[in-house]
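Here the structure is laid out as structure tokens; the discussion comes afterwards.
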2 protein chains.
Amino acid sequence: MSKLAAILRQQGYKLTPQRRAILGVVALSQEHLSPAAIYTEVHRKHPEVGRVTVYRTLEILVRLGLICEVHTGGKEHNFILRAREDHHHHLVCSGCGRVVDFASCHLERLERKLSRETGFTIDEHMLEIHGRCPQCTGGEK
Amino acid sequence: MSKLAAILRQQGYKLTPQRRAILGVVALSQEHLSPAAIYTEVHRKHPEVGRVTVYRTLEILVRLGLICEVHTGGKEHNFILRAREDHHHHLVCSGCGRVVDFASCHLERLERKLSRETGFTIDEHMLEIHGRCPQCTGGEK
DNA sequence: TTACAAATGAAAATCAGTTTCATTTATATT
DNA sequence: AATATAAATGAAACTGATTTTCATTTGTAA
């Protein structure tokens with residue numbers, strides 16, 4: 001039984017085949033999780049799993065703090081596995097859409113300063129850098 | 001003629017009664033603006049103004065840089081009046097939606113490093129910090 | 001086994017936002 | 001003031017993600 005499954009079980013949730021399938025995909029996912037992507041992936045192997053169940057399972061995972069939502073601005077919800085220690089951001093090419101991850105953002109100093117000056121408790125930050133990759137730099141739009 | 005109206009006019013946009021009404025509400029608003037809230041407010045006094053026009057007007061204001069979007073996580077879009085023309089970011093309270101501007105982000109070093117390592121030409125960055133303001137820190141939700 | 005609360009999924013509902021398109025209108029030009 | 005016309009409007013239909021409803025199924029503890 002996977003680690004995620006064990007935690008669910010332990011918290012009193014039933015371990016259905018659908019949930020197992022969803023947890024499997026979530027656990028393996030290295031990227032951001034959108035409900036749609038998870039549904040597509042899960043549904044390919046287990047056509048008996050419905051969209052609603054994906055949403056409900058993600059809801060549970062959020063409630064248990066195993067994944068957390070990132071607010072990317074689009075209309076989809078996006079989640080990331082919380083266990084992952086590798087906090088990272090994206091460098092997006094506005095030419096071809098290529099995305100490069102990067103980890104170091106060194107915003108801690110800034111966050112501490114802001115916290116001190118405003119009294120805010122800082123939870124998270126969203127950083128995205130836009131530019132053009134080498135292939136797109138010379139060219140058109 | 002209000003300042004916002006003058007700018008619109010100057011940019012070649014027609015000054016319709018609907019737009020005047022919307023600009024009036026936007027100009028007075030101290031908090032962040034959701035399309036729904038603006039529609040409700042405008043529609044109370046001018047029932048002839050439709051939802052679509054609110055969306056379209058907000059779109060223009062964004063295009064002109066007079067308001068900018070903040071990502072608060074809900075499904076609604078949220079905008080704030082952009083008083084300042086210089087580069088700045090937002091610290092958003094996830095409790096009450098209060099927005100504090102801040103200017104220093106010191107991402108130049110990071111951008112140079114990324115540029116060197118990836119070959120990207122960096123154009124801009126998007127940074128938004130989320131947390132809870134002093135009033136919302138102790139409490140519920 | 002059995003009992004039953006929990007879980008499921010098809011379909012309908014919601015909700016913010018967008019698109020379509022026939023009609024109206026602000027504004028520049030006579 | 002009258003006219004021409006591109007821009008603007010709004011009702012209604014649409015979209016796409018998410019949520020709700022509800023009849024049916026199913027883990028799991030007893």
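Letters go in sequence order (proteins before strands), and every chain restarts at 1.
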Does some side-chain heavy atom of [Y] sit less than 4.5 Å from a side-chain heavy atom of [X]?
{"X": "A:L64", "Y": "A:Y13", "value": "yes"}
{"X": "B:S115", "Y": "B:F120", "value": "no"}
{"X": "B:L61", "Y": "B:L8", "value": "yes"}

message: Mind checking if A:P47 touches a base, just sugar-phosphate, or nothing, with heavy atoms under 4.0 Å?
response: nothing
Check this one for me: any side-chain N or O of [X] less than 4.0 Å away from OP1 or OP2 of [N]?
{"X": "B:Q18", "N": "D:dA8", "result": "no"}
{"X": "A:R9", "N": "D:dG27", "result": "no"}
{"X": "B:T16", "N": "D:dT9", "result": "yes"}
{"X": "A:Y55", "N": "D:dT18", "result": "yes"}
{"X": "B:R19", "N": "D:dT9", "result": "yes"}

Round to the nearest Å and state the distance from [X] atom [atom1] to [N] atom [atom2].
{"X": "B:L58", "N": "C:dG17", "atom1": "CG", "atom2": "P", "result": "9 Å"}
{"X": "A:K14", "N": "C:dA6", "atom1": "NZ", "atom2": "C1'", "result": "4 Å"}
{"X": "B:E48", "N": "D:dA11", "atom1": "CD", "atom2": "P", "result": "10 Å"}
{"X": "B:L33", "N": "C:dA16", "atom1": "CG", "atom2": "P", "result": "16 Å"}
{"X": "B:R20", "N": "C:dT27", "atom1": "CZ", "atom2": "C1'", "result": "12 Å"}
{"X": "A:L8", "N": "D:dT28", "atom1": "CG", "atom2": "C1'", "result": "15 Å"}
{"X": "A:Y13", "N": "C:dT8", "atom1": "OH", "atom2": "C1'", "result": "16 Å"}
{"X": "B:I22", "N": "D:dG10", "atom1": "CD1", "atom2": "C1'", "result": "12 Å"}

message: By nearest atom, which of the nucleotides C:dT19, C:dA11, D:dA17 is closest to the A:E76 side chain?
response: D:dA17
query: Aromatic rings B:H87 and B:H125: how do their planes relate, parallel, tilted or perpendicular, breaks at 30° and 60°?
result: perpendicular
task: Tell whether B:R56 reaches the base of D:dG10 with its side chain through a donor-acceptor pair below 3.5 angstrom.
output: yes
query: Do A:H106 and B:H106 meet the criterion of a side-chain donor-acceptor pair at a distance under 3.5 Å?
result: no
task: Using heavy atoms to find the nearest nucleotide of DNA chain D for A:P35 and B:I60 separately, return the residue whose nucleotide is more 5′.
output: B:I60
query: If you pin A:R51 and B:T57 to their nearest nucleotides in DNA chain D, which one's is more 5'?
result: B:T57
